[in-house]
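In what follows, chains carry the letters A, B, and so on, assigned in the order in which the sequence lines appear, proteins first and then strands, with residues in each chain numbered from 1.
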Protein chains: 2
Amino acid sequence: MKKNKSAEEKIKEAARLVFTQKGYAATRTRDIAEASGVNLALLNYYFKSKENLFDIVMLENIKVFSQSVLAILNNPGTTFFEKIEILVGHYIDMMIENPEMPIFFLSELKGNPKKLFSKIDHRSKFKESIMVQQWKELIKTNKRSAFNPQHIILNTISMIIFPFIANPMIRNRTGMSQEEFNTMMLERKKLVPVWIINMIQNN
Amino acid sequence: MKKNKSAEEKIKEAARLVFTQKGYAATRTRDIAEASGVNLALLNYYFKSKENLFDIVMLENIKVFSQSVLAILNNPGTTFFEKIEILVGHYIDMMIENPEMPIFFLSELKGNPKKLFSKIDHRSKFKESIMVQQWKELIKTNKRSAFNPQHIILNTISMIIFPFIANPMIRNRTGMSQEEFNTMMLERKKLVPVWIINMIQNN
DNA sequence: GTCTATATACGGATAGAC
DNA sequence: GTCTATCCGTATATAGAC
């Protein structure tokens with residue numbers, strides 16, 4: 001607790017970055033030490049092991065992310081369809097800022113299905129959210145067949161996240177620059193909600 | 001070249017499996033040797049290094065996959081919309097058989113953008129395919145605005161592949177079994193083409 | 001071609017000086 | 001708290017017998 005920006009914080013910062021870029025196994029603690037500008041031994045002084053550091057950083061990530069999404073779901077001032085637009089925009093903005101995040105997250109989770117998940121389970125908070133209430137209201141008043149919304153949710157998330165996962169491949173095959181890719185993704189902030197709402201209404 | 005099923009082939013078989021399950025960095029050559037039932041030293045005898053073995057196996061994978069897709073694209077006996085259905089079914093069946101494949105493929109590619117891609121570039125074959133011809137015919141006769149089909153292609157692939165990438169997370173959060181997940185994916189063989197065709201026609 | 005034994009390198013972690 | 005030096009396990013790769 002000496003420097004103004006504590007070494008501990010600098011390590012976490014760097015770890016977040018390097019882990020997401022290279023994945024857990026391919027990351028060397030030396031990489032993190034180097035990237036954060038602190039000595040390798042400090043890393044084990046503050047966090048006792050690589051694995052421990054990983055868990056801590058990831059839990060923080062997930063927490064921050066969940067909070068931001070739940071805040072949108074529980075905003076009483078927006079309609080169901082407005083929430084879709086806001087969520088889509090929120091996700092896309094977030095991915096543009098952290099392009100490596102989704103693929104990293106999903107590939108690491110395959111290995112540790114239990115550890116990270118068990119700690120933070122927001123399923124109940126999601127089910128009790130205002131957005132879910134609004135959805136129930138919607139299918140009631142519209143007398144629509146009780147369509148299984150899982151497909152719709154899945155489609156939404158798919159159309160948002162997958163392009164970022166496939167980013168390197170897309171750029172390679174189309175010859176797009178990163179700039180052009182981002183522009184395309186920003187276009188989708190308007191397009192995805194339209195597609196989704198069509199799916200719901202043609203259901 | 002002694003055994004009926006050559007050791008070389010057994011190693012490649014096992015390597016394909018272990019690499020896709022654990023990723024390149026987390027895979028130990030010992031794992032591969034063990035899984036294939038051959039001695040560790042043999043692995044370096046046939047393929048001189050872990051990296052080399054990886055490249056060989058992956059190139060084969062990509063080749064097989066590309067061939068199967070191009071065959072569908074170039075079938076003159078099916079219409080454009082039939083091809084969509086067939087492609088969707090083909091992809092989903094393939095993913096159900098090899099559930100680890102997409103996430104592995106995409107996460108490894110992020111590291112080596114160049115090597116694997118440069119070898120096999122089917123972009124021109126794709127552009128000259130019958131399916132692309134049929135698409136051009138379609139937008140001409142329908143007098144539709146020359147809609148950028150990139151979004152549509154991206155959406156299709158997203159809705160097919162992403163669920164498999166997110167499989168562990170989906171099962172965790174919904175409590176679904178692998179069986180139920182697969183059933184859901186089979187449902188999508190019919191649903192995805194409908195959604196896509198709607199997108200094209202509402203365009 | 002296939003094995004055992006081993007060289008060699010690398011990476012996580014710690015001891016101990018400051 | 002921060003550094004240098006080092007230990008030690010593990011993983012790739014090879015030498016050499018059969």
What verdict does the ring pair (Phe, Tyr, Trp, His ring centres under 6.0 Å) test give for B/Phe104 and B/Phe19, after you've listed the backbone C-alpha separation in whole Å, the side-chain angles of each residue and the deciding distance to 0.1 Å? CA-CA 8 Å; B/Phe104 157 75; B/Phe19 276 136; 7.4 Å; no

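Atom-to-atom, CZ of A/Arg28 to P of C/dA13 comes out at 14 Å; the value is rounded to the nearest Å. Computed from coordinates, the B/Tyr24 OH to D/dA11 C1' distance equals 11 Å when rounded to whole Å. In this entry the distance linking CG of A/Leu42 with C1' of C/dA17 reads 15 Å, nearest Å. Remark: P of C/dC18 and OH of A/Tyr45 are 19 Å apart, rounded to the nearest angstrom. If you take CG of A/Asn39 and C1' of C/dA17, they are 13 Å apart, rounded to a whole angstrom. If you measure from atom NZ of A/Lys10 to atom C1' of D/dG1, you get 12 Å, rounded to the nearest angstrom. Following rounding to the nearest Å, B/Tyr46 (OH) and C/dT2 (C1') show an atom-to-atom distance of 8 Å. Rounded to whole Å, atom P of D/dA13 lies 13 Å from atom CD1 of B/Ile11.
In this model, the phosphate group of D/dA11 is not approached by any side-chain N or O of B/Thr29 to a distance below 4.0 Å at OP1 or OP2. Between A/Arg30 and C/dG11 there is no side-chain N or O to OP1 or OP2 distance below 4.0 Å.
Checking A/Lys22 against A/Thr27 by side-chain atom types alone, no donor-acceptor pair falls below 3.5 Å.
Contact annotation for A/Leu43: no contact, since no heavy-atom pair falls under 4.0 Å across all strands.
A cation-pi arrangement is found for B/Lys50 relative to B/Tyr24, the charged atom lying closer than 6.0 Å to the ring centre and inside a 45° cone about the ring normal.
When the shell of 6.0 Å around CD of B/Glu34 is examined, it contains 12 or fewer heavy atoms from other residues, nucleotides or ligands.
Of the candidate nucleotides C/dA15, C/dT4, C/dA13, C/dT4 has the atom nearest to the side chain of B/Ala41.
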